[in-house]
2 protein chains.
Amino acid sequence: MSSYGQFCPVAKAMEVLDERWTLLVIRELMLGSTHFNELRRGVPKMSPALLSKRLRTLERAGIITRSEQGNRVVYGVTASGRELFPVVEALGLWGLRWIHQLGEEDLDPHLLLWDMRRTIPVDEWPRARTTLAIDLADVEPGGRHWWVVVSGSEVDVCDVDPGHEVTATLRTELLTLTQIWRGDLPWPAALRTGAVEISGPDMARRNVPRWLGTSGLARSLGTG
Amino acid sequence: MSSYGQFCPVAKAMEVLDERWTLLVIRELMLGSTHFNELRRGVPKMSPALLSKRLRTLERAGIITRSEQGNRVVYGVTASGRELFPVVEALGLWGLRWIHQLGEEDLDPHLLLWDMRRTIPVDEWPRARTTLAIDLADVEPGGRHWWVVVSGSEVDVCDVDPGHEVTATLRTELLTLTQIWRGDLPWPAALRTGAVEISGPDMARRNVPRWLGTSGLARSLGTG
DNA sequence: CAGTATCCATTTCGATACTG
DNA sequence: CAGTATCGAAATGGATACTG
């Protein structure tokens, strides 16, 4: 937050925005998180103290709002914050295009499923309650098994067996699913090479890619 | 440069870009600087050691190139770097729209004139050699007096009297000229209120605003 | 749920001076 | 011109535990 000593608008913008984690917090708000612990899930490696500090800074900068609704605290963006969305998107598209190397440390099954959960396209799923099991074969217990349950318009993603009958099972490795999600690897290619295996009735095997989709940024690249 | 532990493209992008000064260095390259000491003039508060470090990091990240041409070192952007220009511009436009408060410490006459020099619209000036004197009335010596000399297609900006006959003189305060340059304050308004005084022949007095213009970002806002 | 509190290792950066 | 070298102050931020 220290000054660059420049009148240049880029410099003035970066005085607020170049602090570590800041734009990722804004990304979370942009993706719809509004509560403190909801935000935390999107930036799990950030300490709560630091998140709290950043939120305060952003509030003072007029980029976000903090309000107490009943006994809950709600964060939101101001007009100024909303106008940062194109910046975040531009950064994301650039990252997608130019940074392909993902290291072990960039992968996180919880983060991946949390992100996927946000945009599960319910309309693509059958009307009847449907359960997709995901098995990330190379991940330790406590992050390996996931269940996506769609029932009506309700989505549930959990890492403990909900006990329902499983409609289909997707088996792959964490890196592969991450790459698919980012848009680096198209679903059809992943299925063709066997990097992803889907077991279950034919209908399901064909539809699982549409049930999960890809991240918003991947779609932006596709249509842009 | 430490990892966020996230596969998200925004996070991967910020791992490189959120370090202090980084995007300002890219801005300088974007505006046409190619040599080390040229870059320094655009980020005068940055120590040479740090600039050197950032350049190396950007080179390793595949964003800029460094080549020795003859005995001079030349920096340039790669395709990846070029695609950061929209990001820098988006940040600048956001900064221009939402951060209006300029503090004393953001003002710097050398930086301002260095920036203005880059885009002096020669075509707007008379054919004959023309000298515009600028007097920043509230600035200490060693930054107060400037001369813009346009002769043919050549532009010279200096802070020592070149000795030519002065065609016109612009007198104002540093903050005012900075605001005009950024686009916060339109030329006509500044002239009307007397915040800027131009002395000299009528022709000159009418034309000085077009001789100097405004920053590229200000123009982007106007046309966007 | 929504944060605070504490603590210290580590990093970072600015200042200044120097070099082939 | 194009950087290095060195140094120390300051801040950052990660880890962990705790609270109304």
Side-chain angles (χ1 to χ4, degrees), chain A residues 1-6 11 14-26 28-29 32-61 64-76 105-106 108 110-111 114, chain B residues 1-6 11 14-25 28-29 32-61 64-76 105-106 108 111 114:
Chain A
M1 266 275 286
S2 83
S3 165
Y4 282 117
Q6 303 203 174
M14 290 314 278
E15 283 180 13
V16 198
L17 302 175
D18 74 358
E19 285 187 306
R20 197 165 152 76
W21 294 108
T22 297
L23 279 174
L24 300 191
V25 172
I26 292 169
E28 285 309 301
L29 288 161
S33 292
T34 57
H35 302 295
F36 191 84
N37 286 333
E38 211 176 353
L39 290 165
R40 282 194 69 181
R41 295 194 61 170
V43 284
K45 294 254 167 67
M46 189 180 191
S47 81
L50 192 51
L51 173 56
S52 171
K53 185 178 169 186
R54 287 290 183 274
L55 289 169
R56 238 166 261 289
T57 302
L58 285 169
E59 192 190 355
R60 275 201 311 271
I64 71 172
T65 57
R66 176 187 193 279
S67 57
E68 320 213 353
Q69 299 200 356
N71 52 354
R72 293 207 72 179
V73 177
V74 176
Y75 293 96
E105 70 279 6
D106 298 322
D108 179 338
H110 294 85
L111 201 48
W114 167 248
Chain B
M1 268 272 287
S2 85
S3 165
Y4 282 117
Q6 301 203 172
M14 289 315 277
E15 283 180 12
V16 198
L17 302 176
D18 73 358
E19 285 187 304
R20 195 163 153 77
W21 294 109
T22 297
L23 279 174
L24 301 191
V25 172
E28 285 308 302
L29 289 160
S33 294
T34 58
H35 302 296
F36 192 84
N37 286 332
E38 213 176 352
L39 290 165
R40 281 194 70 182
R41 296 194 60 171
V43 283
K45 293 255 169 67
M46 189 181 192
S47 83
L50 193 50
L51 173 55
S52 171
K53 185 178 169 186
R54 287 289 183 275
L55 288 169
R56 241 167 257 291
T57 303
L58 286 169
E59 193 189 355
R60 276 202 310 272
I64 71 173
T65 58
R66 176 188 193 277
S67 58
E68 320 212 354
Q69 299 199 357
N71 52 355
R72 294 206 71 178
V73 177
V74 176
Y75 293 95
E105 68 281 5
D106 297 322
D108 178 339
L111 201 48
W114 167 249

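Naming convention: chains lettered A, B, ... in sequence-line order (proteins, then strands); numbering from 1 in each chain.
Taking 4.0 angstrom as the limit, B:R72 places a side-chain polar atom (N or O) nearer than this to OP1 or OP2 of D:dA2. Residue A:Y75 places at least one side-chain N or O under 4.0 Å from the OP1 or OP2 atom of C:dG3. Between A:S47 and D:dT16 there is no side-chain N or O to OP1 or OP2 distance below 4.0 Å. Taking 4.0 angstrom as the limit, A:R54 places a side-chain polar atom (N or O) nearer than this to OP1 or OP2 of D:dG13.
The closest side-chain heavy-atom distance from B:Q69 to B:T34 is not below 4.5 Å.
Nearer to the 5' terminus of DNA chain D, by closest-nucleotide assignment, is the contact made by B:E38 (compared with the other of B:E38 and B:A49).
Atom CG in B:D18 sits about 10 Å away from atom P in C:dC13, given to the nearest Å. Here D:dG20 presents its P atom at 17 Å from CD of A:E68, a figure rounded to the nearest Å. Between B:K53 atom NZ and D:dG3 atom P there is a gap of 16 Å when expressed in whole angstrom units. One atom, CH2 of A:W21, and another, P of D:dG14, lie 7 Å apart when rounded to the nearest Å. Atom pair A:L51:CG and C:dA2:C1' shows a separation of 10 Å (rounding to whole Å applied). Straight-line distance from the CE atom of A:M46 to the C1' atom of D:dG14: 11 Å, rounded to whole Å. In this entry the distance linking CG of A:N37 with C1' of C:dT4 reads 13 Å, nearest Å. If you take CD of B:E59 and C1' of D:dA2, they are 14 Å apart, rounded to a whole angstrom.
Residue A:L50 has its side chain nearest to D:dG14 when only D:dG14, D:dG3, D:dA17 are considered. Side chain of B:F36, nearest nucleotide from C:dA2, D:dA2, D:dG14: D:dA2. Considering only the side chain of A:R56, C:dT4 comes nearest among D:dG3, C:dA2, C:dT4. Closest to the side chain of A:H35, out of D:dA17, D:dC1, C:dA2, is C:dA2. Taking every side-chain heavy atom of B:R20 into account, C:dC13 is the closest of C:dA17, C:dC13, C:dG3.
Considering CD1 of A:I26 and CG of A:L55, their distance stands at 10.0 Å, rounded to 0.5 Å.
A side-chain donor-acceptor contact under 3.5 Å links B:R54 to the backbone of B:R20. Side-chain atoms of B:Y4 come within 3.5 Å of backbone atoms of A:W21 as a donor-acceptor pair (strictly under, hydrogens ignored). Using a distance-only test at 3.5 Å, with no hydrogens or angles considered, no donor-acceptor pair links the side chain of A:S52 to the main chain of A:P48. Under a 3.5 Å cut-off, the side chain of B:T57 and the backbone N or O of B:K53 do form a donor-acceptor pair.
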Could you walk me through whether A:E68 and A:V74 pass the side chain to side chain contact (heavy atoms under 4.5 Å, CB included) check? CA-CA 6 Å; A:E68 320 213 353; A:V74 176; over 6 Å; no
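Across all strands, B:K45 comes closer than 4.0 Å to no nucleic acid atom at all (heavy-atom distances).
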Strand DNA chain C as a dot-bracket string - pairs counted if Watson-Crick or G-U with both distances under 3.5 Å, | where the partner lies in another strand: ||||||||||||||||||||
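Contacts of A:S33 classified as side chain to side chain donor-acceptor pair (under 3.5 Å), with partners at least two apart in sequence or in another chain: none.
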